[in-house]
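Step one of this worksheet: look at the structure below.
Note that the numbering runs from 1 along the sequence shown for the chain.
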Amino acid sequence: MTSDELKEKCMALQRECNDKQMELRKQYAIEHNPVKVGDIVTDHYHTIRVEKMSIYGNPVPSMQYRGTELTKQGVPKKHQPVIYNPVFQENVESINGEPYKYMED
């Protein structure tokens with residue numbers, strides 16, 4: 001084995017390890033996600049109807065929700081300040097009107 005082959009194999013192992021860690025983080029975030037597409041989520045700033053979800057954060061991942069901002073009456077605002085306003089899971093105060101408290105294990 002040459003030094004180049006050793007470096008190549010080590011890099012391949014590192015990529016494989018990184019891929020497995022990413023899959024584990026995704027699995028964790030999905031298992032701890034209480035929100036579904038279509039739910040109405042409120043944080044400290046605004047209320048949205050969830051249209052998209054994504055995983056973010058390292059080393060402990062959580063979810064980011066995006067959707068249409070709603071008025072207090074529950075209808076979409078005529079002028080959306082930002083398309084797909086983000087709400088982060090740790091800032092969620094209520095889901096469909098039910099109180100929610102983010103707890104890291």
Please test E69 against T47 for side chain to side chain contact (heavy atoms under 4.5 Å, CB included), starting from the C-alpha separation and ending with a verdict. CA-CA 6 Å; E69 189 169 351; T47 300; over 6 Å; no
Residue that, paired with P34, satisfies side-chain contact (heavy atoms from CB on, under 4.5 Å) out of V92, V41, I95: I95
Minimum-distance pair of heavy atoms, taken over all atoms of [X] and [Y]:
X	Y	value
P59	R25	O-NE, 3.4 Å
G67	I48	N-CD1, 3.7 Å
R49	G38	CG-O, 3.8 Å
Q64	P86	NE2-CB, 3.3 Å

When you look at K20 and E16, which way does the salt bridge (Lys or Arg N to Asp or Glu O under 4.0 Å) test go after all the steps? CA-CA 6 Å; K20 287 184 179 184; E16 182 181 342; 3.4 Å; yes
Please round to the nearest 0.5 Å and tell me the distance separating atom [atom1] of [X] and atom [atom2] of [Y].
X	Y	atom1	atom2	answer
D4	E8	CG	CD	8.0 Å
R15	C10	CZ	SG	11.0 Å
T42	E98	OG1	CD	11.5 Å
Y65	D39	OH	CG	9.0 Å
M53	K36	CE	NZ	9.0 Å
T71	H46	OG1	NE2	13.0 Å

Would you check if the side chain of Q89 reaches a backbone N or O of H32 as a donor-acceptor pair within less than 3.5 Å? yes
Same cluster (ILVMFWY, side-chain, under 4.5 Å), V37 and I30: yes
Decide whether Y56 and Y28 are clustered together by the hydrophobic rule: side chain heavy atoms of Ile, Leu, Val, Met, Phe, Trp, Tyr closer than 4.5 Å, transitively. no
Is any side-chain heavy atom of T68 less than 4.5 Å from a side-chain heavy atom of E51? yes
List, by chain and number, the other hydrophobic cluster members for L70, where Ile, Leu, Val, Met, Phe, Trp and Tyr join if side-chain heavy atoms come within less than 4.5 Å, directly or indirectly. I40
Are F88 and Y102 an aromatic pair by the rule of ring centers under 6.0 Å? no
